[in-house]
Amino acid sequence: MASVLRSSILRHTRVPISTTLTLNESKLIAVRSMSSYGDVHLDKQEVIGRVLDVVKSFPKVDPSKVTPDVHFQKDLGLDSLDNVEIVMALEDEFKLEIPDKEADKIDSCHLAVEYIDNHPMAG
Amino acid sequence: MSVASVSYLARRAAQKERVRILYRRALKDTLNWAVHRHLFNPDADALREKFEANRNVDDIETIDRMIAAGEATYNKWQHPDPYIVPWAPGGSMVCRNPTPPEGIEIIYDYGREDTA
């Protein structure tokens, strides 16, 4: 008896998989992504802000010269080893793991922002 | 040796790239061994001094030998359990939660029965 009642109730309230709930005529999107791979992408302005903060806090850099277009070796007068240190600091900041060959090519703020922006796992 | 031929410049450029990659790996290794920043910072400075001491060497064969020696030292000092970012190959979260196939969703209606 209880099971018949239960199955009749369930038959009425079974929601088909394709529709979403509507509450007060507004679509309630009650779907949560289940993957742990970066589905949250960073805002480009936020990326630029954080990259500039990392570069400005480098001790050998003059903070007033740092702009989003600055080249580490030509404009800021840094060394290639300093370049390596900055790329490592960026890896720490955004929790990335950049392969060695790619990290060697990151030479300016612009390239760094572009790489981080296009990286799916930038945190 | 002052002939700036293309092969000489190409060889120097390759050496510079090896030095940069070696410095990068050595720095990461130093961070693996000295986990806390207050221990890492003096060690990183010492590593930088070692690289700076050989900055002005010009003879290409000597540079090759020094790079080989540096890489041998690096290989000897490698940490057995390096820190790898979780989602990178070798990390702790690789393949843990793969993305579900397209078109599958969970409707969170929390057992509500009054769906119109």
Side-chain angles (χ1 to χ4, degrees), chain A residues 6 8-25 27-39 59-60 72-73 79-107 119-123, chain B residues 12-32 37 40-41 44-45 47-55 82-116:
Chain A
R6 182 167 152 265
S8 69
I9 290 178
L10 284 179
R11 214 174 299 129
H12 280 289
T13 59
R14 188 143 294 170
V15 181
I17 237 24
S18 55
T19 61
T20 56
L21 296 175
T22 51
L23 197 64
N24 298 334
E25 283 158 338
K27 278 251 181 247
L28 199 105
I29 302 181
V31 167
R32 203 162 34 145
S33 61
M34 293 195 288
S35 80
S36 63
Y37 289 108
D39 285 339
K60 295 182 195 168
F72 295 142
Q73 295 184 28
D79 202 11
S80 58
L81 297 184
D82 291 327
N83 200 340
V84 169
E85 287 179 18
I86 287 188
V87 170
M88 271 203 58
L90 287 173
E91 275 190 346
D92 280 339
E93 167 74 20
F94 289 97
K95 293 184 245 171
L96 291 178
E97 176 95 14
I98 307 182
D100 290 336
K101 296 276 175 181
E102 298 288 320
D104 208 31
K105 293 186 194 131
I106 295 183
D107 247 350
H119 198 106
M121 298 298 301
Chain B
R12 283 299 292 264
Q15 280 178 345
K16 286 180 192 172
E17 188 176 335
R18 275 176 81 185
V19 168
R20 286 196 295 264
I21 291 184
L22 176 64
Y23 180 60
R24 188 179 142 83
R25 291 197 183 148
L27 205 56
K28 285 194 170 175
D29 210 38
T30 318
L31 187 56
N32 281 332
R37 289 279 161 171
F40 166 70
N41 288 333
D45 287 338
L47 178 69
R48 183 69 194 256
E49 290 303 313
K50 283 191 211 143
F51 273 78
E52 291 281 334
N54 300 326
R55 178 188 268 259
Y83 172 72
I84 305 179
V85 174
W87 48 263
S92 54
M93 275 187 68
V94 175
C95 299
R96 187 184 283 191
N97 288 327
T99 40
E102 290 296 314
I104 291 193
E105 300 170 343
I106 299 179
I107 310 280
Y108 287 92
D109 62 349
Y110 306 107
R112 251 179 262 139
E113 292 176 356
D114 50 349
T115 54

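Residue numbering restarts at 1 for every chain, and letters A, B, ... go by the order of the sequence lines. It should be emphasised that the depicted structure is a prediction, and the values quoted were computed from it without experimental measurement. Computed from heavy atoms alone, side chains included, the values below leave out hydrogens, waters and symmetry copies.
Screening residues 84-95 of chain B for salt bridge (charged side-chain N to carboxylate O under 4.0 Å, His left out), with sequence neighbours left out, gives no hits.
Residues A:M121 and B:V85 form no side-chain contact, since every pair of their non-hydrogen atoms from C-beta on lies 4.5 Å or further apart. With a 4.5 Å cut-off on side-chain heavy atoms, A:V87 and B:R20 do not count as touching.
No more than 12 heavy-atom neighbours from other residues, nucleotides or ligands sit within 6.0 angstrom of NZ on B:K50.
For B:K28, the parts sitting under 4.5 Å from any heavy atom of chain A are the backbone and the side chain alike. Contact annotation for A:D82: both backbone and side-chain heavy atoms come within less than 4.5 Å of a heavy atom of chain B. Proximity to chain B is absent for every atom of A:N83, based on heavy atoms less than 4.5 angstrom apart.
Taking every heavy atom of both residues into account, A:H119 and B:W87 meet most closely at NE2-CH2, 3.4 Å.
B:Y23 contributes atom OH, which lies 9.0 Å from atom CG of A:D79 (distance to the nearest 0.5 angstrom). Taken from CG in A:L81 to CD in B:E52, the straight-line distance is 6.5 Å, to the nearest 0.5 Å.
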